[in-house]
Amino acid sequence: MASSHIILPKEEEAEAEAEAETRLGTVVEADHDSPAQLPLQDHAPGKAALPFSATCVRISRDSYPNLRALRNASALNLHDDDAAFVKLEEGDYGYVLDDVPHLTDYIPDLPTYPNPLQDHPAYSTVKQYFVNADDTVPEKVVVQKNSPRGVHFRRAGPRQRVYFESEEVKACIVTCGGLCPGLNTVIRELVCGLSHMYNVNNVFGIQNGYKGFYSSNYLPMTPKSVNDIHKRGGTVLGTSRGGHDTKKIVDNIQDRGINQVYIIGGDGTQKGAYEIYKEIRRRGLQVAVAGIPKTIDNDIAVIDKSFGFDTAVEEAQRAINAAHVEASSAENGIGLVKLMGRYSGFIAMYATLASRDVDCCLIPESPFYLEGEGGLFEYVDRRLKENNHMVIVVAEGAGQDLIAQSIPIADQQDASGNKLLLDVGLWLTHKIKDYCKSKKMEMTIKYIDPTYMIRAIPSNASDNVYCTLLAHSAIHGAMAGYSFTVGMVNGRHSYIPFHRVTSTRNKVRITDRMWARLLSSTNQPSFLSKEDIDAAREADKAANNRKNGENAKKQHASVLAKGEK
Ligand SMILES: Nc1ncnc2c1ncn2[C@@H]1O[C@H](COP(=O)(O)OP(=O)(O)OP(=O)(O)O)[C@@H](O)[C@H]1O
Ligand SMILES: O=P(O)(O)OC[C@H]1O[C@](O)(CO)[C@@H](O)[C@@H]1O
Ligand SMILES: [Mg+2]
């Protein structure tokens, strides 16, 4: 008879508490100790035993209606191509492992080697340094008494056995897309980590993004050549948009004998990494592909936050401070700051919350309007009367529909196919000036555009540590034969399947408490009617259902692939 309670084994409770503590800090390396009472195991990938002890009260899997739904659903839209690469493992109590691909999925009987870290003087003293092969990280940590254990990802970290001999490794590193603080730190730590931890000394830099795979020389990189690069902004390898030609890229990987590919970039780059992985697999090559997500927009799904984000938010404070000084030193002074954020307003939201000098924050996720009751002009009027000055922060992707109404311009795209945005800061400056003029109101407005300044700087101390850990986690995973995007999930470094980070985008939810905190800190109007709020809630619900549905389809595909149906 199925019980309705899930009882966590003691070690899991302790682990959950430790995880909660870890999350309170900024970035703390996940300790790589396995649960003390479990002997170190060395399962072959794909044969993972379930990380659950017999002390639990057993519950029938069928007692979870959503799991039944997961198994039965088949009509949902998962790209056929993706379904073939999805690896879902179902366990007790509603546990699902959304696993990453491994070399042994398509190359059987590969030899393994002891991890060289075992003999490393620095690491050999660490108690249980290797992660348990069965360790996984939950996607959601807030659960209810009767909720299923939910989706998990493979925990990042060094394995006891690796699938490459150090002297055979030929690794390459590429950076793609826009700049972000910390790129050079990740490059440095990949080169140094490969050399210092795994004695890998054949590392090459691909120049100027994806096209560099087939159009430029590969740069040999050594710990000496990258020693100081983390102190500089940008990327020493160069970067670009466009130019992703899967066939040409994989031809070059194959011809040059590269067997580990480290790809640093945003959502577009991770999509490119996934295409490269699929082609490598089609050709049956023994090559591991490790994606390291990069974007100051913080719009990559699943992960807690992307590297460089904190640095960018910190740098944005300088622009906001300047705007505040200028505004407060004038009569009816307005300081307007534009920050990056194409589709996601995280930088604007966090910079506003951190500053406390901002009176209004406009982001792409929260539509606003200018005229009439509850509009921006009315608020500007009120704020100037109350306080004599005000500061507005606007994310670059905000208000694009409004601008398009007043300046009809044909859509333009960059080389990667991203829509080129119109300058909302400049547009808003003119609109506010015109409004004040029509009201015969004396005012001064200073428009500050620090967009490139906040991403072209070196990473701060905390991002530097985060970059280091991401690079190390990527190396451990590639050496262990996995292909993945690495990222921090609920404070733990994890290996996430490519399809999970490329299928959706992380956005500010205006129905979440964080946006409410922002509204209460600025006192700005929400620009939303009750109908808008209901619509936003419905959209959130639909997005969640879609996500569950996609999981169901993947689960079904995975079961079919294993012939377990
Ligand atoms: N769907 C895709 N398939 C294959 N490659 C892609 C895809 N989308 C983008 N790319 C490639 O990925 C690289 C980077 O993409 P993009 O310019 O969109 O930046 P990004 O990685 O999203 O970073 P960011 O947006 O943070 O600047 C480009 O070389 C582009 O050609
Ligand atoms: O001008 P670039 O280099 O194309 O980059 C601009 C874009 O890059 C990002 O920083 C990251 O996607 C966006 O916020 C911005 O729109
Ligand atoms: Mg992008």
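Read the numbers this way: they start at 1 and go in the same order the structure lists the ligands and their atoms.
Counting protein heavy atoms only, atom 4 (O) of ligand 2 is closest to R241 NE, 3.0 Å. Closest to atom 1 (O) of ligand 2, if we only count protein heavy atoms, is Y452 OH, 2.5 Å. Shortest contact from atom 17 (O) of ligand 1 to any protein heavy atom: S416 OG, 2.6 Å. When hydrogens are left out, the protein atom nearest atom 22 (O) of ligand 1 is D267 OD1, 2.5 Å; that is the closest non-hydrogen contact. The protein heavy atom nearest to atom 11 (C) of ligand 2 is D297 OD2, 3.6 Å. Among protein heavy atoms, the minimum distance from atom 19 (O) of ligand 1 is reached at R241 NH1, 3.2 Å. If you check which protein heavy atom lies closest to atom 21 (O) of ligand 1, you get T269 OG1, 2.4 Å.
Of the listed residues (D245, I300, N418, N208), the one carrying the non-hydrogen atom nearest atom 18 (O) of ligand 1 is N418. With K294, E396, M340, K419 as candidates, the residue nearest to atom 16 (O) of ligand 2 on a non-hydrogen basis is E396. Considering each of G243, G308, G242, G268, the one bringing a non-hydrogen atom nearest atom 11 (C) of ligand 1 is G268.
Remark: L422 pairs with Q400, I403, I409 by the side chain to side chain contact (heavy atoms under 4.5 Å, CB included) rule, at least two apart or across chains.
Checking only distances, D414 never comes within under 3.5 Å of ligand 2, N or O to N or O. Backbone and side-chain nitrogen or oxygen atoms of R455 are examined, and one is located within less than 3.5 angstrom of a nitrogen or oxygen of ligand 2.
Within the 4.0 Å heavy-atom cutoff, K294 counts among the residues contacting ligand 1. Residue contact annotation: G341 has a non-hydrogen atom under 4.0 Å from ligand 2.
For the Mg ion (ligand 3), protein N, O or S atoms under 2.8 Å: 1 in total.
N506 places a side-chain N or O within 3.5 Å of a backbone atom of N298 that can act as its donor or acceptor partner.
Comment: R283 engages D251 in a salt bridge, judged by a side-chain N to carboxylate O separation of less than 4.0 angstrom.
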